[in-house]
Every structure is written in C-alpha cells, then in structure tokens.
Undergrad: 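Let me begin by handing over the structure; questions about it come next.
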Amino acid sequence: MKTELLRRGDMVAYLEEKISRMAGWSRRLAVFSAVLLIIAGLVHRYALLETVAFLCVLALVAVLATFALLLAFFAFPHVWNDGDRGGGDLTFGAVVGLAVLAPFLFYGYCAFAYPELNDISTDPEDPPALTLAAKTRSPGMNPVTPPTAEQRKLQSEKYPQVTGRRYDLPLDRTLDAVESVLSRTNWKLFGPTAAPDDESEITIEALAYTWVLAFPVDVSIRLVDEGETTYVDMRSASRYGRHDFGNNAARINQFLQDLDAEVATQSGEAPPDSN
C-alpha cells in the first residue's frame, strides 16, 4: 500500500505503509492453536487419539498460544507509536491466544489450590480394590498402588469430607440404589462382583472420564453387608498425571450425594451420613 504525500506538477512522492509482520503471525499462530486444540480434544474424546499423544498436542497448543501472545505484545508498540498496520491482527491474536490459554491457566490455579494427589478413596487405609484397572493399565499409566502414609495424611487434611456412607438398607436394596445412580452416568461398568468366598461384600468397577478433555479415570465402589445396614466406600484414581486437580474428590462427593438422594427416594427418608 502507498500513501500520497506531496504533489508538485507531475511529480508525486509516496511513502509505503508498513505492515507489522509480528501482528500477522500472532493472528496465524493463535488461530492454528485454537483449531488444533478443538480438533485434538474432539478426537481424544472419541478415543481416536491416545492420551499420551494428546498430552503432547496440548503442550504444543500451549507453546503456540504463548508465542501468539508474545508476538502481539511486541507488535503493539510498532502499531501504536509508529503507525504500522496490523492492529486488528494483534488484537485478534491476543484475544484468541488468551482464550486458548485460559484452560491451562485454570488448571495451573487448581494445581496450587488442590493437593498433588491422583488417587482418592473414602477409606485411604483400606481403599476399594481396582483389580481390573491394575490388570489393564499400561506402563505409561499410573500404577495402581496403595496410598503412602504421606498421601493418606494429605488427603485427610485436604479432603476431610470424602467419607463413606452407611445406609439403613440391606445389601440388595443398597445395590439397587447404586446401580440406579450409575445408570445416569456415562461410565463403563464392570461388575458387580462378589468378593471371593464372601458374599457380604460386593465391588463395582467402572471407567469414567473427566468432563472436558475426557481423561480416563478408574472408579471402584464397594458395598459391605453389615446386617441391618450397608456401608458404601468409593475410590477414584486417575490413569494419567501426578495431579488430579481436585477431580477425583469431586467425583466421589457428587456420586455419594446422588446416592444419598436415591436412597432417600427409595426409603422415604434421608439416610444419615456415617464415617
């Protein structure tokens, strides 16, 4: 583009307008990172992309969006002070880059707000078994291991509300209530299975997924027949990552709250909570 500056007779002087290349690249990188995030997220949600590969893509998305923001930042003085063209590009790049980075910033906050745990149970001393999960987890996943003393202490301090439930119902009716709640989830169920040589204990294993990015999580629900009452324990363990960002505790609490409501509906009165 050229702008006419002076006309004298037949002579015309022109000054070429500068276009900020950094602003243009900011827009391109921001758009590419957003498209990559959306496509990879959808492909992973429908199990067409392995989680390890998806994590690598997420790292690339974060790098691209960060560069888009940096380019917009460095382009701004040239557009504002020198009159270079590209204000729309840098604004678009900055806004889209921030939008792409918003989930990363959110989980960064959660990393500080929640304890570094990836396996939560209502009974850390004797958590419900994850027998099938232990057999099916690959070397790239978190191993299924008992919580350490430090992890048990950390959970007790940070998640004191994560406790089991005792219901004034026999085992079969409590199992019906559990299965009714499970039917309203999108979890892949395995079980129920009775404990070896012990029909007074039943375990249900399931594969759940995180809400947005569909990371796999193994869940175990244990029902123990106590005669006139039934005790329900629960465990939720992430397959990937050292940090669950509070997801497992939230999943357990929500399920048990739904179970409380289901039991109350079936029995006609709200069952008391018990440790």
Side-chain angles (χ1 to χ4, degrees), residues 1-3 14-118 140-142 185-186 207-217 236 238-251 254:
M1 297 268 318
K2 293 182 179 179
T3 301
Y14 291 94
L15 176 64
E16 184 176 357
E17 287 185 334
K18 292 182 179 180
I19 300 176
S20 174
R21 293 184 178 180
M22 288 188 292
W25 276 106
S26 173
R27 181 189 183 99
R28 295 186 190 99
L29 289 178
V31 170
F32 183 68
S33 66
V35 172
L36 185 60
L37 176 62
I38 294 172
I39 293 177
L42 290 174
V43 171
H44 179 258
R45 173 167 285 277
Y46 290 101
L48 300 176
L49 179 66
E50 293 185 356
T51 300
V52 174
F54 180 53
L55 291 172
C56 294
V57 174
L58 288 181
L60 177 60
V61 167
V63 170
L64 292 173
T66 300
F67 271 109
L69 280 179
L70 290 174
L71 288 172
F73 175 80
F74 287 115
F76 180 77
H78 297 283
V79 173
W80 184 262
N81 297 323
D82 302 335
D84 291 0
R85 297 181 65 234
D89 286 342
L90 75 85
T91 300
F92 187 88
V95 171
V96 175
L98 283 174
V100 171
L101 287 176
F104 296 92
L105 297 174
F106 171 75
Y107 282 109
Y109 163 77
C110 290
F112 287 98
Y114 295 99
E116 188 177 299
L117 295 169
N118 58 23
M141 301 178 184
N142 296 325
T185 70
N186 62 348
L207 180 62
Y209 297 91
T210 59
W211 183 61
V212 178
L213 298 179
F215 288 115
V217 179
S236 182
S238 304
R239 287 192 173 186
Y240 296 92
R242 298 172 57 185
H243 207 309
D244 68 359
F245 309 104
N247 178 271
N248 288 311
R251 178 176 296 101
Q254 184 60 58

Undergrad: Would you say CD of E116 has more than 12 non-hydrogen atoms from neighbouring residues, nucleotides or ligands within 6.0 angstrom?
TA: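 Enclosed.
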Undergrad: From I38 CD1 over to S33 OG, what is the distance, rounded to the nearest 0.5 angstrom?
TA: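 The OG atom of S33 is 9.5 Å from CD1 of I38, to the nearest 0.5 Å.
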Undergrad: Nearest 0.5 angstrom please: T51 OG1 to Y240 OH, how far?
TA: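 T51 OG1 to Y240 OH: 4.5 Å, rounded to 0.5 Å.
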Undergrad: For M22, is there any backbone N or O sitting under 3.5 Å from a side-chain donor or acceptor partner on S26?
TA: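 Checking the backbone N and O of M22 against the side chain of S26, no donor-acceptor pair under 3.5 Å is found.
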Undergrad: Is the closest side-chain heavy-atom distance between N118 and N247 below 4.5 Å?
TA: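 In short, these two side chains do not touch, never coming nearer than 4.5 Å.
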Undergrad: Enumerate donor-acceptor pairs with a distance under 3.5 Å from any side-chain N or O in residues 97-112 to protein atoms, sequence neighbours excluded.
TA:
none

Undergrad: Any side-chain donor paired with an acceptor under 3.5 Å for S238 and N248?
TA: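 There is such a pair (donor and acceptor under 3.5 Å, judged by atom type) between the side chains of S238 and N248.
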Undergrad: Measure across G93 and A68 and return the closest heavy-atom pair with its distance rounded to 0.1 Å.
TA: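 Nearest pair, atom of G93 first, then A68: O-CB, 4.3 Å.
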Undergrad: Is the closest side-chain heavy-atom distance between R239 and L207 below 4.5 Å?
TA: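 Yes, their side chains come closer than 4.5 Å.
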Undergrad: How many angstroms lie between atom CG of L64 and atom CG of L37, to the nearest 0.5 angstrom?
TA: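 Separation between the atoms: 11.0 Å.
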Undergrad: Among residues at least two apart in sequence or on other chains, which ones pass side-chain hydrogen bond (donor to acceptor under 3.5 Å, both in side chains) with Q254?
TA: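 Per chain and number, Q254 pairs via side-chain hydrogen bond (donor to acceptor under 3.5 Å, both in side chains) with D258.
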Undergrad: Quick check against the 3.5 Å criterion: does D89 have a side-chain atom that pairs as donor or acceptor with the backbone of W25?
TA: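 Not at all, since once roles are kept as given, no pair shorter than 3.5 Å links the two residues.
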Undergrad: What are the two closest heavy atoms between L49 and A40, and how far apart are they?
TA: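 Closest heavy-atom pair between L49 and A40: CD2-O, 4.2 Å.
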Undergrad: Donor-acceptor pairs under 3.5 Å, side chain of residues 208-217 to any protein atom, not counting sequence neighbours: which ones?
TA:
from, atom 1, to, atom 2, distance (Å)
T210, OG1, A214, N, 3.2
T210, OG1, F215, N, 2.8

Undergrad: So does G88 get a backbone contact from the side chain of T91, meaning a donor-acceptor N/O pair under 3.5 Å?
TA: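 The answer is no, because no donor-acceptor pair under 3.5 Å joins these two groups.
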Undergrad: Which value, rounded to the nearest 0.5 Å, describes the distance between L69 atom CG and L90 atom CG?
TA: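 L69 atom CG to L90 atom CG measures 11.0 Å (nearest 0.5 Å).
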Undergrad: Can you tell me if Y114 has over 12 outside heavy atoms packed within less than 6.0 Å of its OH?
TA: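 Result for OH/Y114: open.
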